[in-house]
Amino acid sequence: MSKRRRYWLMKSEPDAFSIDDLERVGTEPWNGVRNYQARNFMRDGMKIGDKVLFYHSNTKVPGIVGTATVASGAYPDETQFDRKSDYYDPKASREEPRWHLVDIAFERKLSRTIRLEEIKQQAERLGEEFALIRRGNRLSVFPVSADQYSFLLSLE
DNA sequence: GCCAACGTTGGC
DNA sequence: GCCAACGTTGGC
């Protein structure tokens with residue numbers, strides 16, 4: 001198992017939870033992910049200290065707005081057990097939780113938004129398979145390479 | 001608000 | 001196991 005730090009991109013709708021919200025609270029359990037691929041990345045791939053690009057989706061100017069770090073190992077998402085939560089999952093139980101998450105800690109806000117529009121223009125540099133610009137891009141958590149991470153931040 | 005893309009569900 | 005129906009994501 002490599003101890004090398006990994007890099008990720010995580011999307012959030014700013015109306016629900018923005019980079020400013022993360023700055024205010026400092027650390028946040030990344031709850032509500034209900035996609036198996038995204039869950040697997042959190043549960044199986046993330047390690048404390050990994051770096052995260054924080055992306056605002058479903059908003060006027062979608063793009064990367066800040067950075068964060070992984071602040072915990074994976075553990076069950078409490079909201080799956082809460083009947084009153086939007087994220088309640090009747091098929092999950094304490095004995096067999098379905099959904100796991102990690103805590104995400106604020107690192108910094110970017111001086112400006114690196115807009116999806118500009119990121120698309122860098123398709124050749126990033127690689128056509130880069131998940132953010134691939135057709136039908138819907139995954140909310142996915143890995144980026146160290147090179148993609150530093151390149152994207154260099155656009156700031 | 002629209003709608004394409006795509007993941008999930010459930011009948012068969 | 002197939003696949004139509006349905007729900008959600010997310011850019012525009």
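Every chain is numbered from 1 and lettered A, B, ... according to where its sequence line falls, protein lines coming before strand lines.
With C:dG11, B:dT9, C:dT9 as the candidates, the nucleotide lying closest to the side chain of A:R138 is C:dT9. With B:dG7, C:dG11, C:dG10 as the choices, the nucleotide that has an atom nearest any side-chain atom of A:Y55 turns out to be C:dG11. Across C:dG11, B:dG7, B:dT9, the shortest atom-to-atom separation from the side chain of A:R98 is found for B:dT9.
If you check every strand for non-hydrogen atoms under 4.0 Å, A:R135 touches sugar and phosphate atoms only.
For the residue pair A:T79 and A:R34, a side-chain donor N or O sits within less than 3.5 Å of a side-chain acceptor on the partner. Counting only N and O atoms by type, the side chains of A:D103 and A:Y75 include a donor and acceptor under 3.5 Å apart.
For A:E13 and C:dC12, the CD to P distance is 15 Å, given to the nearest whole Å. Here the P atom of nucleotide C:dT9 and the CZ atom of A:F17 are 17 Å apart, to the nearest Å. If you measure from atom CE of A:M10 to atom C1' of C:dT9, you get 16 Å, rounded to the nearest angstrom. Atom NE2 in A:H56 sits roughly 17 Å away from atom P in C:dT9 (whole-Å rounding). At whole-Å resolution of the value, CG in A:D86 and P in C:dT9 are 11 Å apart. Distance CG (A:N58) to C1' (B:dG1): 12 Å, rounded to an integer number of Å. The CZ atom of A:R134 sits 15 Å away from the P atom of B:dA5 (whole-angstrom rounding).
Between A:Y36 and A:G136, the residue anchored closer to the 5' end of DNA chain B is A:G136, taking for each the nucleotide with the nearest heavy atom. Toward the 5' end of DNA chain B, the nearer of the two residues A:K91 and A:Q37, judged by each one's closest nucleotide, is A:Q37.
Taken residue by residue, residues 109-133 of chain A places no heavy atom nearer than 4.0 Å to DNA chain B.
The cluster map of Ile, Leu, Val, Met, Phe, Trp and Tyr, joined by side-chain heavy atoms under 4.5 Å apart, puts A:F151 and A:W8 in the same cluster. There is a path of hydrophobic side-chain contacts, each under 4.5 Å, that joins A:F142 to A:M10.
Here A:K11 does not reach the OP1 or OP2 of C:dT9: none of its side-chain N or O atoms lies under 4.0 Å away.
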| request: Under the ring-ring contact (aromatic ring centres under 6.0 Å, His included) rule, what do A:W99 and A:Y36 come out as? Steps first, then yes or no, please. | output: CA-CA 8 Å; A:W99 306 107; A:Y36 290 106; 4.7 Å; yes
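Under the 3.5 Å distance criterion, the side-chain polar atoms of A:Q148 are left unmatched by any main-chain donor or acceptor of A:F130.
Checked for salt-bridge contact, A:D147 and A:R125 meet the test: a charged N lies under 4.0 Å from a carboxylate O.
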